[in-house]
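Heads up: the structure comes next, in structure tokens.
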Amino acid sequence: MKALVYTKYGSPDVLQFKEIAKPNPKANDVLVKVCACTVNRTDNATIKAIPFFARVVTGLLKPKKQTPGTEFSGIIEAVGEKVSKFNNGDRVFGFDDQGAEAHAEYLVISEDNITSIPKNITYTQAAASSEGAHYAYNFINKVPLEKGQKVLVNGATGAIGSAAVQLLNYFGVIVTAVCGTSNIELVKALGANKVIDYKKQDFTKDNELYDFVFDTVGKSSFFKCKHLLKPGGVYISSDLGFVSQNLFLPLITPLIKPLFANKKTVTPFPVNINKTLTLVKQLIEDGKFKAVIDREYPFEQIVEAYRYVEKGHKKGNVVITLD
Ligand SMILES: NC(=O)c1ccc[n+]([C@@H]2O[C@H](COP(=O)([O-])OP(=O)(O)OC[C@H]3O[C@@H](n4cnc5c(N)ncnc54)[C@H](OP(=O)(O)O)[C@@H]3O)[C@@H](O)[C@H]2O)c1
């Protein structure tokens, strides 16, 4: 089969197409013929081994999995003997942030990392429905969210941000979305109640108070945002921060609560992909979630897609289509 392969960490220049053997599913795995996949920020960070300590999982000196790709949709062509929820011919989509080797014509993946594609969406739409949603849902699951609370989402037009606005809207929260001028109508359509144009206004100077601030593009810090939080409010960022402070601040802020009026920060380590897939599938069927798609590239141009995604200005998701 045709696959994108890299044997050393680096820029998209390290990626090349190769003919490799089709994988075989183990007992709990399915073999999927990939119809569409995405190039996302997880893939971009993985090929560059960023942050450095990610090498503990991806391989210390060189990548253990030589085909990148985490998010996909496709058709099941074979199932392992212990697979109970899926059959050959099922249309599925899924995600594995540990690496699904999705940038290839076929992949194998655990049945826990997939769900069936709702009838009302295409393979293209399905392929873009899990990565951003999974990280967004993990932000939400880290806080005691209640209907009517106020949340500020910075970077509301990224894969994570555009999913977060929709999920928060579903949970009945009042959302202030921060985005660039050209995307104001998009974020209103996703369900934002108020929009701040980051190209014209510094959102940290906003005069409202929020229960939670979600910086889904990691462009701010707890210290720059803490005055926006109500007492007891929580700041979460998708990024580790300038000096990786978002790794240790979650340990420190709860210890010195009175100093910050009980405000704290939490690290949204992503867990339980199956829980996200179950929710997202239901919301898609109910017409309450639709992945935002910026561009589509044919598989042959996937390296160009990597170069576009690494610029950090995609609108939602970038999808790769296969025959
Ligand atoms: N924790 C994890 O495991 C994990 C996983 C994946 C990603 N991440 C991190 O999460 C972040 C977001 O990921 P993503 O996939 O959602 O990103 P993305 O899709 O690449 O985000 C791009 C969007 O961010 C907007 N943006 C850029 N600079 C901005 C700013 N200063 N203020 C407001 N919006 C801005 C852009 O709008 P304009 O074009 O208008 O600027 C664009 O629409 C990345 O830093 C990534 O490294 C973390």
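The shown structure was predicted, so the numbers you read here are calculated from the model rather than taken from an experiment. Whatever order the structure lists them in is the order used to number ligands and atoms, beginning at 1.
Remark: minimum distance from atom 13 (O) of ligand 1 to any protein heavy atom is reached at Ile160 CD1, 3.6 Å. Given atom 27 (C) of ligand 1, the protein heavy atom at minimum distance is Gly312 O, 3.6 Å. For atom 25 (C) of ligand 1, the closest heavy atom belonging to the protein is Thr157 OG1, 3.8 Å. Nearest to atom 47 (O) of ligand 1 among the protein's heavy atoms is Arg41 NH2, 3.8 Å. The nearest heavy-atom contact from the protein to atom 24 (O) of ligand 1 is Val217 CG1, 3.3 Å. When only non-hydrogen protein atoms are considered, atom 1 (N) of ligand 1 lies nearest to Ser238 O, 3.5 Å. In this structure, the protein non-hydrogen atom closest to atom 28 (N) of ligand 1 is Lys219 CE, 3.6 Å. Of the protein's heavy atoms, Tyr198 CE2, 3.8 Å lies nearest to atom 35 (C) of ligand 1.
Heavy-atom separations between Ala45 and ligand 1 are all 4.0 Å or longer. The shell of residues lying under 4.0 angstrom from ligand 1, judged by heavy atoms, includes Thr216.
Looking at Ser221 and Tyr235, their side chains never bring a donor and an acceptor atom within 3.5 Å of each other. At a cut-off of 3.5 Å, with distance as the only test, no side-chain donor of Asn154 or Tyr198 sits close to an acceptor on the other residue.
Considering only non-hydrogen atoms, atom 43 (O) of ligand 1 lies nearest to Lys314 out of Lys315, His313, Lys314. One option in Tyr135, Phe269, Phe203 has a heavy atom closer to atom 3 (O) of ligand 1 than any other, and that option is Tyr135. Considering Gly155, Ala163, Pro51 only, the shortest heavy-atom separation from atom 34 (N) of ligand 1 involves Gly155.
Partner of His134 under the ring-ring contact (aromatic ring centres under 6.0 Å, His included) criterion, chosen from Phe269, Phe95, Phe93, Phe139: Phe95. Exactly one residue among Asp97, Asn40, Asn113 makes a side-chain hydrogen bond (donor to acceptor under 3.5 Å, both in side chains) with Thr70. That residue is Asn40. Only one option out of Lys230, Lys263, Lys150 pairs with Asp211 in a salt bridge (Lys or Arg N to Asp or Glu O under 4.0 Å); it is Lys230. When each of Ile256, Thr253, Ile236 is paired with Lys264, the side-chain contact (heavy atoms from CB on, under 4.5 Å) condition holds for Thr253 and for no other.
For ligand 1 and Asn154, the ligand atoms under 4.0 Å from any heavy atom of the residue are 32 (N), 33 (C). Residue-ligand proximity, Gly158 to ligand 1, at heavy-atom distances under 4.0 Å covers atoms 16 (O), 18 (P), 19 (O), 21 (O), 22 (C), 23 (C), 43 (O). Heavy-atom contacts of Asp239 reach the following atoms of ligand 1: 45 (O) (cutoff under 4.0 Å).
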For this session: List the steps, then state whether salt bridge (Lys or Arg N to Asp or Glu O under 4.0 Å) holds for Lys194 with Asp206.
Result: CA-CA 11 Å; Lys194 171 178 155 182; Asp206 189 35; 3.0 Å; yes
Exercise. Is there a side chain to side chain contact (heavy atoms under 4.5 Å, CB included) between Lys2 and Phe299 once you walk through the steps?
Worked result: CA-CA 10 Å; Lys2 187 172 173 182; Phe299 190 35; 4.2 Å; yes
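Polar contact with ligand 1: absent for Val178 (N/O pair, distance under 3.5 Å). Below 3.5 Å of separation, one finds no N or O of Glu131 facing any N or O of ligand 1. Geometrically, ligand 1 and Pro268 share no nitrogen or oxygen pair separated by less than 3.5 Å. By the 3.5 Å distance cut-off applied to N or O atoms, Thr42 is not counted among the residues near ligand 1.
Checked by atom type and distance alone, the side chain of Tyr9 pairs as donor or acceptor with a backbone atom of Gly59 at under 3.5 Å. Checking side-chain atoms of Asn138 against main-chain N and O of Val271 turns up a donor-acceptor pair under 3.5 Å.
Within the 6.0 Å centre-distance limit, the rings of Phe260 and Phe222 are counted as a close aromatic pair. The ring of Tyr306 has its center closer than 6.0 angstrom to the ring center of His103.
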